[in-house]
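Below is one structure, written out as structure tokens, with a few remarks after it.
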Amino acid sequence: FWATACAPEACLSWEVKEHVRTAFSSGLSDEAAAWTLVGPPLRVHCHDLSFLPPGTIDVATRQADHAERSLALCVFGGSKRLDQYSVQSLVSNVIVPSSPDVFAFVDVPPSQDSPWAPDEAEMERAHKILQMMRLVRYAIELPPLREQMHAHARGNMSIDTWTKVLERVAGIDSALFQMYARDRCFRLLKEAEVFRGCKYSIVFAARDDMLWLAPPPLHLMDKDGIWIPDGMDWGGLNDRWAVMGRQFAPIWFGIWQDMVKRTFMAEMLRIPEEMFTGREDQFPEHPPIGVELFLARRFGDGAGRCHKLQRVLSTAALRCSGWSLRAQRGSEAAGQAGASPGSQDRRWGQDKRWCTRHGFRTSAESSDAHNVVARLELGGWSWSTKKPWKLHIAPNFFTIRNAMASDAPKSQVLGFCCGLPKTFEYFSCTGYLSCFNAHMATYHRVCHAGLLGIGLSPPQDAGKESSCWRMNELQKLPVLCLLPWKEEQWQVHNFAYRGAALALRTESSAASTEFDDVLMADAE
């Protein structure tokens, strides 16, 4: 992805034409590259001229109006998960429409010869891909060694005790590396703020392996809120991407720094024990730890409220690293030929994770993003902050949960999962992992009626009472539905905490199976 310029005399009339170099993936040399115009010319300001590739035009020293450059984008991740498709989607759907100052941190693996030297070929590949973005500052480097990470995390803890922690708790290494990558990118951003003499107003954080299907509604987000994509909480808070006022950025990016100051175990102790209740049979020692769990404990205020936290429908999904359509077709051909599953099964990405047939990490996330974008582009829906349609999972989550695994009365489970997290002593913005341990049924969707800070509203002449889609490409159920604000056909619960007892009061019990049957038929 590059740009060429058409230059009238007046600087304010610059136009940028977007082109795709068709030789990018065909192996042709730069001299033989063909260029294809993709879309109408875009009007840009003087300070946007840094988007042009070097040598396109002789531009004097950039005269940026720092007061207007209020949005910063911080992209982070590992080079093994970085590819040109994800970055190109980020450029097309975030960078071009919003013109942020872009910062990037990518860690590369060590070379085969020395753990202290980076893999030069991987560094060069990452450098070429990152140049597709308009970067203010970036870093491509080795992350700290695993032993160094552990030294920071254990603090004053003895090595023997720390070893026992590593044996009991899965996911620590992955969580530490993700914490570090976020912190390193944020440091690049803060260095630029010192240079420019003022702070940005809004910070956009995003993993480097997200595929953006359409622009997120940045025009509806302001510096006084924290905007987190709906779904994919994994018992905590979705960490794929986020938009926040600059004053909240240290909270989102600062997990590594806080962990270094207070040790990893101190951060672990901030997670309430109720988070893991009922999972002892599945994880006899300790459930896996992810960044989502740490993030969920950081946004409550002193009164146990998360009033700055807003959920927004996502237009992006996590790609499966190492996946390709050619490899997928090869896997299908091998299956048809009777080959046993194994090394030829390329539905597994290079990091040994299962991939969907379209190359995404999870079917539910890609399905949500696809259906949101389809309604925006084809169905006449629009982004809205004024009573957008709510989310609802069908069939009822607690009915399924009790039928599968619990002998406790439904009201007791409901009180624990939806009521207890709202109390001061057991407060959690995102509920407990013991109740919502996956990515589809989340505390927000189940216990807060799926209310969105930014959601979708249908065209006025739609005449619909619901709009649903399947959450899993391999299963008919469950389905996720958008319902009008006025719909109150499911239970609305108020909770009161008195001493050691949690009392549940059901205001309306009109919800139920018949209504869910209608929604599931709508999804069909």
Side-chain angles (χ1 to χ4, degrees), residues 74-82 104-110 115-116 118-119 122 126 139-190 205-210 232-242 249-271 275-276 283 285-299 318 321 350-353 361 433:
C74 202
V75 183
F76 50 85
S79 63
K80 290 294 186 180
R81 299 179 180 180
L82 184 69
F105 170 74
V106 173
D107 61 65
V108 294
W116 305 99
D119 185 320
E122 191 65 19
I140 305 174
E141 59 192 30
L142 281 172
L145 295 177
R146 182 173 183 268
E147 293 75 13
Q148 294 174 315
M149 290 279 197
H150 288 185
H152 284 298
R154 67 184 179 87
N156 296 327
M157 187 185 301
S158 68
I159 295 179
D160 290 341
T161 304
W162 177 249
T163 301
K164 293 179 180 179
V165 172
L166 293 176
E167 292 173 351
R168 293 184 59 220
V169 184
I172 289 181
D173 284 344
S174 175
L176 291 177
F177 278 99
Q178 289 187 53
M179 292 177 189
Y180 177 82
R182 287 160 169 75
D183 174 72
R184 186 70 181 88
C185 192
F186 189 47
R187 279 188 279 156
L188 293 172
L189 185 152
K190 291 191 290 184
R207 289 179 52 153
D208 63 3
D209 50 353
M210 298 294 292
M232 306 308 299
D233 284 345
W234 297 102
L237 192 64
N238 190 324
D239 70 332
R240 307 285 211 241
W241 61 272
I251 302 175
W252 199 93
F253 288 96
I255 304 178
W256 170 261
Q257 292 297 331
D258 287 349
M259 188 273 299
V260 170
K261 294 174 184 176
R262 292 197 290 262
T263 76
F264 185 84
M265 287 307 298
E267 287 295 297
M268 283 270 294
L269 292 175
R270 297 179 65 190
I271 301 174
M275 181 70 74
F276 309 110
F283 300 101
E285 298 296 336
H286 197 287
I289 287 294
V291 176
E292 294 92 345
L293 294 181
F294 293 103
L295 201 58
R297 297 296 299 167
R298 300 181 65 82
F299 288 107
L318 200 64
S321 58
Q350 64 185 16
D351 54 359
K352 306 304 180 184
R353 294 178 184 267
R361 180 76 62 82
L433 182 68

Please report the interatomic distance [atom1]([X]) to [atom2]([Y]), rounded to the nearest 0.5 Å.
X: L293; Y: W234; atom1: CG; atom2: CH2; answer: 11.5 Å
X: I172; Y: M149; atom1: CD1; atom2: CE; answer: 13.0 Å
X: Q178; Y: D107; atom1: CD; atom2: CG; answer: 10.5 Å
X: W252; Y: L237; atom1: CH2; atom2: CG; answer: 9.5 Å

R298 with D258: basic N within carboxylate O range, under 4.0 Å: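 Judged by the 4.0 Å cut-off on N to carboxylate O distance, R298 and D258 do form a salt bridge.
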
Q) Are D183 and R187 within salt-bridge range, i.e. N to O under 4.0 Å? A)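 Looking at R187 together with D183, the answer is yes, because their closest N to O distance falls below 4.0 Å.
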
| message | If only side-chain N and O atoms count, and only distance matters, is there a donor-acceptor pair under 3.5 Å linking E167 with T163? | response |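 No, E167 and T163 have no side-chain donor paired with an acceptor closer than 3.5 Å.
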
- Query: Is the closest side-chain donor-acceptor distance between N238 and E292 under 3.5 Å?
  - Reply: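 There is no such pair between these side chains.
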
Closest non-hydrogen atom pair between V106 and A126, with its separation |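 Scanning both residues completely, I find the closest heavy atoms to be CG1-CB, 4.4 Å.
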
- Query: For the residue pair M259 and A153, what are the closest heavy atoms and their distance?
  - Reply: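 The answer is SD-CA, 3.4 Å.
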
Qualifying residues under salt bridge (charged side-chain N to carboxylate O under 4.0 Å, His left out), relative to D208, sequence neighbours excluded
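Salt bridge (charged side-chain N to carboxylate O under 4.0 Å, His left out) list for D208, sorted by chain: empty.
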
- For Q148 and L145, indicate whether the former's side chain and the latter's backbone hold a donor-acceptor pair under 3.5 Å.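 Checked: pair present.
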
**Message:** When you measure from the side chain of R154 to the backbone of M157, do you find a donor-acceptor pair of N or O atoms at a distance under 3.5 Å?
**Reply:**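 Yes; at least one donor-acceptor contact below 3.5 Å.
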
Just do the side chain to side chain contact (heavy atoms under 4.5 Å, CB included) check on M210 and R207 with the steps written out, would you? CA-CA 6 Å; M210 298 294 292; R207 289 179 52 153; 4.1 Å; yes

Margin query: Are the side chains of Q257 and F186 in contact, using a 4.5 Å heavy-atom criterion?
Written below: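 They are not in side-chain contact.
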
Could you tell me if the side chain of R361 sits less than 4.5 Å from the side chain of D209, heavy atoms only?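 Yes - at least one pair of side-chain heavy atoms lies under 4.5 Å apart.
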
* With sequence neighbours left out, what residues match A181 under side chain to side chain contact (heavy atoms under 4.5 Å, CB included)? ->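 Only F76, F105 meet the side chain to side chain contact (heavy atoms under 4.5 Å, CB included) criterion with A181.
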
